[in-house]
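Every chain is numbered from 1 and lettered A, B, ... according to where its sequence line falls, protein lines coming before strand lines.
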Amino acid sequence: MSNKPEGPEKGKDFIRTIIDKDNETGVYGGRVHTRFPPEPNGYLHIGHAKSICLNFGVARDYQGKCNLRFDDTNPVKEDVEYVDSIREDVHWLGFDWDANFYASDYFEKLYFIAELFIKMGKAYVDHQSADEIRANRGTLKEPGVPSPHRDRTVDENLALFRAMRAGDMKDGECVLRAKIDMTAANVVMRDPTLYRIKHADHHRTGAAWCIYPMYDFTHGLSDAIEGVTHSLCTLEFENNRPLYDWCVDTLMEGLRQPELFGENAAIYNELAALPGFNQRPRQYEFARLNITGTVLSKRKLIQLVKEGHVSGWDDPRMPTICGFRRRGYTPESIRDFCERIGIAKSDSTVEFALLEHCLRQDLNDRAPRYLGVLDPVKLVIENYPEDQTDEFDMPLHPEEESFGHRVVPFSKELWIEREDFMIDPPKKFFRLGPGREVRLRFAYYVTCTGYETDPDGKVTLIRASYDPETKGGWSKDGRKVKGTLHWVSAKHGVKAEVRNYGNLFTTENPNAVEEGKTFLDYLNPDSLEVLDTCWVEPALAEMKPGTNFQFERMGYYCADSRDHKPGGRLVFNRTATLRDTWAKIQKKGDN
RNA sequence: UGGGGCGUCGUCAAGCGGUAAGACAUCAGGUUUUGGUCCUGACAUUCGGGGGUUCGAAUCCUCCCGCCCCAGCCA
């Protein structure tokens, strides 16, 4: 299809450029292996989608592999609820892992690697309190001071570490630390903690362990064990890369010293035989995703859920994958978005409008069209016979005939949108007003002959006459109308609840808040609008939960996956509005 | 001079010494039985700033400025 001239591919991100280079030099023998490594301590959000699309996308582009690996090294924060949701969300996004591992799968191996480090004189047990360790770590500008336990003998350290594992010590009594450099300019390298004691049940390993490895120790080694080649993470881990390398390098060095293996030779030989130790993984960092108008930090999302500011992780206003799913976003639109934003190293905030564009582009192609009146006012066609009914065959998609048709009944009394009528309309208003003629979509031309109001001046009923010669919405005489309105037959319409969602926050950047305020002070009190007097065409009564469609002229909607019941209560979520140039014109007029 | 990163259109983002891609947004038109879609056009003489190297610099050197990350027994 593409007949572009050859040459260096344009627009490739820096990571793929690195991989190209690696493939040229053959460091990994052409292998490309990535992993998506979430901690199961919360639900995935759109920021994770960026990482997922990158990691799985790279594997796909290079015929490589991508693992799903749960970084489950902190049992007190993690739960199976989260691992289940993460697996579901990754699948829903359209990706499948070559293997699903857990860091906890490696607890035994990691433990022996820690022992190896001790035997190499590269790790020691420190009995300083957490406070003492912090105090002795120094500051960003001053070096740290060595622990008084830093020079314990190998035998002493080994005995202590084994006692840690055996459960002989209480939480916090001591830790295993890497012996690196207390004066390192990079604070991460000042004898980082490798293992801590937690007498806590783990969601997978139960009570088997009371010591748990730290992220920095676990991550690179897990990558190496799995044969990962390119370990992609976000920018805030740049400072951790030297430690990542230190752990992998130290292990490789240790594996070259069989005299240290002792009775655990089997496990060390197994490790040495893994591809990850001949072709060691490298970490690369890219900028995490920020989107205008929302928050993407786990802490804040948890707060929104726990404090009840939203109905749950899958509240359609949430930037979580399950929130977007329930809102009606398609996986295709999210993937398209992730491709368009690119991968780079500069901190950036993408406009929400881009995501919405991707969504609309996808839904325009695939959403069937229906008629629904959300804020109804009655329209009576005075010259239309009382007991007559027309049945209009209407296409489900304006451009794509393959969507087929459905039949929509029409009768004397109809519901139309309240905002489609004005008693005293301005010149650019193309809709209904006294004496004006408009088209009822796919039905007839009607002319407004009168209206009624209540004492407050609110329109309660509109009268009109129709032209029988315009059946189907065409006029044989070539007469044109400026406006086309959607409608629902009052006699045949079905009642529905519509939930319109707006921005969760009132500010573009809820992360940058005024002094003394929190992001919660910017919650939009009007982010959810529930309309429970809507009338929709009969065909929608049997719609399956989760189905995307468009209410013509109103927006993209989907049947709610929790509350919508075919044949029963109908609940529709607004996924997105249509682009609205009329609203723009109005706004201009106001100013 | 604590260390590590980053600065190209309003927002993302290509570009890697040969004379500023693309997308979103915005604006102006056209088509239209959705004020939708679609189509057309406009939109960085300039790449954080100053010097320098070069026939030629967003790309190389240098100084300066701004922003982000790091002192968890979190990830």
Side-chain angles (χ1 to χ4, degrees), chain A residues 8 10-13 17 37-39 41 71-74 76-77 126 128-130 133-135 137-144 171-177 184-190 192-198 211-212 214-216 218-219 233-242 285 287 292 298 337 339-358 360-361 364-365 369 371 394 398-399 428-431 439-443 445 472-474 480-486 550-556 577-586:
Chain A
K10 290 197 101 179
K12 218 169 225 190
D13 59 68
T17 304
E39 182 187 17
N41 68 344
D71 235 324
D72 54 350
T73 57
N74 188 355
V76 302
K77 287 193 172 182
D126 193 351
Q128 290 183 108
S129 68
I133 288 180
R134 188 184 318 116
R137 183 150 31 225
T139 68
L140 294 178
K141 298 194 177 184
E142 297 155 28
D171 285 12
E173 197 172 325
C174 57
V175 293
L176 182 73
R177 286 231 257 172
N186 181 351
V187 191
V188 171
M189 299 299 274
R190 318 236 263 232
T193 301
L194 265 23
Y195 267 89
R196 76 290 216 187
I197 300 167
K198 274 182 199 280
I211 58 172
Y212 292 93
M214 298 287 289
Y215 164 85
D216 285 302
T218 307
H219 204 89
C233 62
T234 44
L235 252 26
E236 66 270 27
F237 290 101
E238 278 177 320
N239 297 318
N240 301 54
R241 191 173 62 230
E285 310 86 11
T292 56
K298 223 172 240 180
F337 172 74
E339 260 171 50
R340 288 181 188 235
I341 58 178
I343 297 293
K345 295 197 71 149
S346 60
D347 295 301
S348 57
T349 301
V350 179
E351 288 177 347
F352 188 79
L354 179 60
L355 214 205
E356 221 169 23
H357 167 82
C358 295
R360 290 197 185 107
Q361 186 165 284
N364 179 56
D365 291 343
R369 270 58 166 179
L371 302 184
M394 306 187 7
E399 282 94 32
K428 282 188 182 162
F429 186 81
F430 301 153
R431 311 176 186 181
R439 170 168 41 231
L440 293 180
R441 174 133 244 228
F442 291 115
Y445 282 16
W474 292 104
K480 300 240 164 140
V481 288
K482 290 283 261 182
T484 299
L485 311 189
H486 59 279
Q550 182 193 103
F551 273 133
E552 292 213 32
R553 302 211 306 134
M554 299 308 286
Y556 292 105
T577 59
L578 261 24
R579 280 188 72 220
D580 192 349
T581 50
W582 167 236
K584 254 179 219 169
I585 292 167
Q586 279 178 306

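- In this structure, A:Met214 CE and A:Leu176 CG are separated by 11.5 Å, a value rounded to the nearest 0.5 Å.
- The residue A:Lys198 sits close only to the backbone: its heavy atoms come under 4.0 Å of sugar-phosphate atoms, none of a base.
- For the pair A:Leu194 CG and B:rG72 P, the computed distance is 16 Å after rounding to whole Å.
- Minimum atom distance to the side chain of A:Ile585 is reached by B:rG35, of the listed B:rA75, B:rG35, B:rU11.
- Counting only heavy atoms from C-beta on, A:Glu238 has its side chain closest to B:rG5 among B:rG35, B:rU26, B:rG5.
- Between A:Thr484 and A:Arg553 there is no side-chain heavy-atom pair separated by less than 4.5 Å.
- Atom CZ of A:Arg190 is separated from atom P of B:rG2 by 13 Å (rounded to the nearest Å).
- At B:rU37, one or more side-chain N or O atoms of A:Arg579 fall inside 4.0 Å of OP1 or OP2 (strictly under the cut-off).
- Between the side chain of A:Arg431 and the base of B:rG35 there is at least one donor-acceptor pair of N/O atoms closer than 3.5 Å.
- The base of B:rU34 sits with one of its N or O atoms less than 3.5 Å from a complementary donor or acceptor on the side chain of A:Gln550.
- A 4.5 Å side-chain heavy-atom check between A:Ile133 and A:Arg177 finds at least one atom pair inside the cut-off.
- Nearest-nucleotide positions on RNA chain B for A:Pro192 and A:Phe429 put A:Phe429 closer to the 5' end.
- Atom CD1 in A:Ile197 sits about 12 Å away from atom P in B:rC74, given to the nearest Å.
- By the 5.5 Å and 30° criteria, A:Tyr215 is not stacked with the base of B:rA75.
- In this structure, A:Leu440 reaches neither bases nor backbone, as no heavy-atom distance under 4.0 Å exists between it and the strands shown.
- Residue A:Ser346 places at least one side-chain N or O closer than 4.0 Å to OP1 or OP2 of B:rA13.
- Here B:rC73 is the nucleotide among B:rC73, B:rA13, B:rG36 with the atom lying nearest to any side-chain atom of A:Val175.
- Using Watson-Crick or G-U wobble geometry with both donor-acceptor distances under 3.5 Å, B:rG66 finds its partner in B:rC6.
- Residue A:Pro242 is out of contact with every strand shown, counting any heavy-atom pair closer than 4.0 Å.
- Taking 4.0 angstrom as the limit, A:His486 places none of its side-chain polar atoms (N or O) nearer than this to OP1 or OP2 of B:rU34.
- Nucleotide B:rU45 has no partner under the Watson-Crick or G-U criteria, as no pair reaches both atom distances under 3.5 Å.
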Worksheet item: Quick one: what's the B/S/- string for nucleotides 65-70 of chain B, heavy-atom cutoff under 4.0 Å, read 5' to 3'?
Response: ---SBB
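- Listed pair A:Arg369 / B:rU37 fails the phosphate criterion, with no side-chain N or O lying under 4.0 Å from OP1 or OP2.
- A:Pro242 is listed as a side-chain neighbour of A:Asn186, based on a closest heavy-atom distance under 4.5 Å.
- Considering only side-chain N and O atoms, A:Thr581 lies under 4.0 angstrom from the phosphate OP1 or OP2 of B:rG36.
- The phosphate of B:rG35 (OP1 or OP2) has a side-chain N or O of A:Arg553 nearer than 4.0 angstrom.
- Contact annotation: side chain of A:Glu351 to base of B:rG10, donor-acceptor pair present below 3.5 Å.
- The listed nucleotides are B:rG10, B:rA23, B:rU37; the one nearest the side chain of A:Leu354 is B:rA23.
- For B:rU31, there is no paired nucleotide, since no Watson-Crick or G-U wobble pair has both relevant distances below 3.5 Å.
- Contact of the A:Tyr212 side chain with the A:Asn74 side chain is not registered, since no non-hydrogen atoms from C-beta on lie closer than 4.5 Å.
- Side-chain nitrogen and oxygen atoms of A:Thr193 include at least one within less than 4.0 Å of the OP1 or OP2 phosphate oxygen of B:rC73.
- In this entry the base of B:rG72 is syn relative to its sugar, with a glycosidic angle within 90° of 0.
- Comment: A:Arg241 engages A:Glu285 in a salt bridge, judged by a side-chain N to carboxylate O separation of less than 4.0 angstrom.
- Taking side-chain N and O atoms only, A:Arg196 has a distance below 4.0 Å to OP1 or OP2 of B:rC74.
- Residue A:Lys584 has its side chain nearest to B:rC27 when only B:rG36, B:rC27, B:rA23 are considered.
- Nucleic acid contact for A:Thr349: sugar-phosphate only, since backbone atoms but no base atoms lie under 4.0 Å from a heavy atom of the residue.
- Between A:Arg340 and B:rC12 there is no side-chain N or O to OP1 or OP2 distance below 4.0 Å.
- B:rA75 atom C1' lies 7 Å from atom NZ of A:Lys77, rounded to whole Å.
- Contact annotation for A:Gln128: base contact, defined as any heavy-atom pair under 4.0 Å involving a base atom.
- Here A:Phe442 contributes atom CZ and A:Arg369 contributes atom CZ; the two are 10.5 Å apart, rounded to the nearest 0.5 Å.
- The separation between A:Glu356 atom CD and B:rU37 atom C1' is 16 Å, rounded to whole Å.
- One can place CZ of A:Phe352 at 18 Å from C1' of B:rG10, the figure rounded to the nearest angstrom.
- With the nearest nucleotide of RNA chain B identified for both A:Tyr556 and A:Pro38, A:Tyr556 has the one nearer the 5' end.
- Nucleic acid contact for A:Leu355: none, since no nucleic acid atom lies under 4.0 Å from a heavy atom of the residue.
- In this structure, A:Asn41 and A:Lys77 approach most closely via the heavy-atom pair CB-O, 3.3 Å.
- Rounding to the nearest 0.5 Å places OH of A:Tyr445 at 8.0 Å from CH2 of A:Trp474.
- The CD-C1' distance, from A:Glu285 to B:rA75, rounds to 15 Å in whole Å.
- Within the 4.0 angstrom heavy-atom criterion, base atoms lie near A:Ala130.
- With rounding to the nearest 0.5 angstrom, the NZ atom of A:Lys584 is 5.0 Å from the CZ atom of A:Arg579.
- Atoms CZ (A:Arg241) and P (B:rC6) sit 10 Å apart, rounded to a whole Å.
- Between A:Lys141 and B:rA71 there is no side-chain N or O to OP1 or OP2 distance below 4.0 Å.
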